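Heads up, the thing below is written out as structure tokens.
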Amino acid sequence: MKDERDEAGFVKDIRKQSVDFPGWYQDVVRKAELADYSPVRGCMVMRPLGYGLWERIQRALDDLFKQTGVENWYFPALIPLSFLEKEQEHVEGFEPEFAMVTRGGGKELEEPLVLRPTSETMIASVLRNYIHSYRDLPVLTNQWNNVFRWELRTRLFLRTMEFLWQEGHTFHETAEEAEAQVLEKLECYRVIAEDWCAIPVFKGRKSETEKFAGAQYSMAIEGIMRDGKALQMGTSHFFGQNFSRAYDLTFTGRTNELQHPYSTSWGMSTRMVGSIVMAHGDDSGLQLPPRIAPIQLVIVPIFRSDAERAQIEAALAPVLRSLATIRVRADWRQERPGYKFNEWELKGVPLRLEIGPRDLAKGEASLVRRLDRVREPVKLGELERAVPAMLESIQTAMLTRALEFRKAHTVRLSSLEEMVRHFESSTGFVITPWCQDAACELTVKDRTTATTRVILDEPAQGSCAVCGRPATATVVWAKAY
RNA sequence: CGGGGCGUAGCGUAGCCUGGUUCAACGCGCGUGCUUUGGGAGCACGAGAUCGCGGGUUCAAAUCCCGCCGCCCCGACCA
């Protein structure tokens, strides 16, 4: 086991997670070279490691979407202001966040163009041309893009003025079909969060106050970070016919009458990268789940002379061939091994292979897990089998650890006083019965700063923890990002 | 956008209160050379700062005053 001194010896570059979580987060993101600030206020530069994580998430999610019949489109980033003004409720929610282009070609534009905060309006306007009959439905669109929101307070990955995401928009003949779509995509997000990023999530419906402006209802997945705060990691919205009406989107139904299609939208953003940092990282830095780690195995050769180096290179050649399915990086830089160990741990590479003269003499290499620094000698010939197996076990162990953390930070309570007392001294999830009255949410927020995260798909029991009236839902509360 | 804090070399800081020949310094990092290499190496030499920006006070400003910009933390709003 590692003791305090060992731990301290491993860290020099980052603040302690337990002492200053926001400071730790910022240090990790920058020192692990995930991202950095940019010359533009509120906008970040994603560096290869951070973007690599996003690419992994993107690929996995895109595959899932395509399995459900979704097709990728691309729509313009500039949206005429009038488009956004058509939908009252929606624009009220977003207006303060618009970034607008008012000049072009050296003169004032007749109509300002908004840098898309989301593309509902653009897509509805465009699809009006393609949807005429129930035979044209459903239309399942998705686009991978950047969006802009004029944020007041930004944090790398978690909230920036420009961010990358996917936004899916679908149009259906019936409400049932659209609602099934909402659930299906929420499930895709759960798979990405839990199976790929090893972050367990609560899935459920958002309260009226927490839902997306303009949606009939919103659903979300919520994960817990190492500081006990909740993070929304993906949302899926049911619009009913709201948008179709606002944008005059109609089709001729089976009985020859004009109808408005039901629509949905759903999104997951680069915020996911931040969630990986905050859900798995420790005082030594990042810990990346193997399935999405851009580098799964880093090889640190140890040698003194050119002759030793040549021997190791020769021994590694067949090993590298046998690990062709693994994302491997061999670190031959002229740095000392200890330096490399620390650097790759900071960068969260899940598995490290050390190989030097001592290992070579025994025909072995040492495998060290980032998870717990457990070191294990493995015969060179067995690496082909051992490395994938260890990566798999690390993936599982990370999800298990995260699940246990969540379990330890989730309590069921039944009164406001208990909630106030709980949130005074700790964070985490609190589950209670709730009457679904917004006044109760306000009371809790005023007294604890916690808000409702999601309403669970489980029967309501007993009375509302806040007001005592009969409960109509079981809800998860937390202090949230 | 309100409250608090901070801007000095790539990074982290000292100096500021008590203006002035230790005021431009220290550690890390960077470059070169030699020795090293199984948990962040050592020595030597070297490069690198218009002290956030703009005004003002003064014989003299990193230091005092005003304004602006940026960043961080806490709130209100949000993927």
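Below, all heavy atoms of this structure are taken into account, side chains as well, without hydrogens, waters or symmetry copies. What you see is a predicted model, and the numbers here were worked out from it, not measured in a lab.
- Nucleotide rA79(B) holds its C1' atom 15 Å from the CZ atom of Arg116(A), rounded to whole Å.
- Among the heavy atoms of the strands, none lies under 4.0 Å from Leu231(A).
- Between the side chain of Glu335(A) and the base of rG40(B), no donor-acceptor pair of N or O atoms lies under 3.5 Å.
- Annotation: cation-pi geometry not satisfied between Arg271(A) and Phe163(A) (NZ/CZ under 6.0 angstrom from ring centroid, within 45° of ring axis).
- Among the nucleotides rC72(B), rA79(B), rG39(B), the one closest to any side-chain atom of Tyr37(A) is rC72(B).
- rU50(B) and rA24(B) have their C1' atoms separated by 13 Å, given to the nearest Å.
- Secondary-structure stems of RNA chain B, taken as three or more successive Watson-Crick or G-U wobble pairs (i with j, i+1 with j-1) under a 3.5 Å distance threshold, comprise B:1-7 with B:69-75, B:10-13 with B:25-28, B:30-35 with B:41-46, B:52-56 with B:64-68.
- Picking from rG38(B), rC78(B), rC72(B) the nucleotide with the shortest atom distance to the side chain of Ser366(A) gives rG38(B).
- Distances shown here put a side-chain N or O of Arg336(A) below 4.0 Å from the OP1 or OP2 atom of rA41(B).
- Across all strands, Arg333(A) comes closer than 4.0 Å to no nucleic acid atom at all (heavy-atom distances).
- Distance, Arg155(A) CZ to rC74(B) P: 6 Å, rounded to whole Å.
- Here Phe163(A) packs flat against the base of rA79(B); its ring centre is closer than 5.5 angstrom to the base's six-membered ring, tilted by less than 30 degrees.
- Closest to the side chain of Ile302(A), out of rA79(B), rG39(B), rU37(B), is rU37(B).
- Side chain of Glu151(A), nearest nucleotide from rG39(B), rA79(B), rC72(B): rA79(B).
- Across all strands, Gly42(A) comes closer than 4.0 Å only to sugar-phosphate atoms, never to a base (heavy-atom distances).
- Residue order along RNA chain B, read from the 5' end via each residue's closest nucleotide, puts Gln334(A) first among Gln334(A) and Leu346(A).
- Taking the six-membered ring where tryptophan is involved, the planes of Tyr217(A) and Phe238(A) are tilted, since the angle between them lies from 30° to 60°.
- If you take CG of Asp283(A) and P of rG40(B), they are 18 Å apart, rounded to a whole angstrom.
- Rounded to an integer number of Å, the gap from CZ of Arg352(A) to C1' of rG38(B) is 11 Å.
- Ion pairing of Glu345(A) with Arg373(A) is present here, as a side-chain N (NZ or NE/NH1/NH2) and a carboxylate O approach within less than 4.0 Å.
- Separation of the P atoms belonging to rC64(B) and rG7(B) is 11 Å when rounded to the nearest angstrom.
- Taking the C1' atoms as reference points, rA14(B) lies 7 Å from rA25(B), given to the whole Å.
- Protein atom OH of Tyr481(A) is 13 Å distant from nucleotide atom C1' of rC74(B), rounded to whole Å.
- Ring geometry for Trp144(A) against Trp54(A) counts as perpendicular: the plane angle is over 60°, on a 0 to 90° scale with 30° as the lower cut.
- Considering only side-chain atoms of Arg304(A), the nucleotide from rA79(B), rG39(B), rU37(B) that sits closest is rU37(B).
- Of the P atoms belonging to rG29(B) and rG42(B), the separation is 8 Å, rounded to the nearest Å.
- Each of Leu164(A), Val45(A), Thr270(A) was checked for a side-chain contact (heavy atoms from CB on, under 4.5 Å) with Tyr51(A), and the lone residue meeting it is Leu164(A).
- In this structure, the side chains of Gln58(A) and Gln166(A) stay at 4.5 Å or more apart for every pair of heavy atoms.
- Here rG39(B) is the nucleotide among rC78(B), rC74(B), rG39(B) with the atom lying nearest to any side-chain atom of Val368(A).
- Heavy atoms of Arg30(A) sit nowhere under 4.0 angstrom from any nucleic acid atom.
- Using a 4.0 Å heavy-atom cutoff across all strands shown, Glu354(A) reaches at least one base atom of the nucleic acid.
- rU18(B) and rG54(B): their C1' atoms are spaced 27 Å apart (whole Å).
- In the interface, the side chain of Arg375(A) is not paired with the base of rG38(B) through any donor and acceptor atom under 3.5 Å apart.
- When each of rG39(B), rA79(B), rG38(B) is scored by its nearest atom to the side-chain atoms of Pro357(A), the top-ranked nucleotide is rG38(B).
- One interatomic measurement links the two molecules: CD of Glu162(A) to P of rA79(B), which rounds to 17 Å at whole-angstrom precision.
- Judged by the 6.0 Å and 45° rule, Arg226(A) forms no cation-pi pair with Phe21(A).
- Of the C1' atoms belonging to rG52(B) and rC72(B), the separation is 15 Å, rounded to the nearest Å.
- Of the candidates rA76(B), rC74(B), rC78(B), rA76(B) carries the atom nearest the Lys445(A) side chain, counting heavy atoms from C-beta on.
- Side-chain atoms of Val328(A) and Val387(A), non-hydrogen and from C-beta on, never get closer than 4.5 Å to each other.
- Here rC28(B) presents its P atom at 14 Å from OH of Tyr339(A), a figure rounded to the nearest Å.
- Looking at Asp282(A) and Arg370(A), a side-chain N of the basic residue comes within less than 4.0 Å of a carboxylate O on the acidic one, giving a salt bridge.
- Nucleotides rG10(B) and rG3(B) have their P atoms positioned 33 Å apart, rounded to a whole Å.
- Checking Thr209(A) against Phe303(A), the closest nucleotide of RNA chain B that is more toward the 5' end is the one next to Phe303(A).
- Taking 4.5 Å as the limit, every side-chain heavy atom of Phe157(A) sits out of range of all side-chain heavy atoms of Leu53(A).
- Residues Met398(A) and Arg401(A) form a side-chain contact, since some pair of their non-hydrogen atoms from C-beta on lies under 4.5 Å apart.
- At a threshold of 4.0 angstrom between heavy atoms, the contacts of Gly267(A) with the nucleic acid are absent.
- Taking 4.0 angstrom as the limit, Arg271(A) places none of its side-chain polar atoms (N or O) nearer than this to OP1 or OP2 of rC78(B).
- Nucleotide rU36(B) holds its C1' atom 13 Å from the CD atom of Glu308(A), rounded to whole Å.
- Residue contacts shown for Thr160(A) include a base, since a base heavy atom lies under 4.0 Å away.
- rC1(B) and rC68(B) are spaced 11 Å apart, taking the P atom of each and rounding to whole Å.
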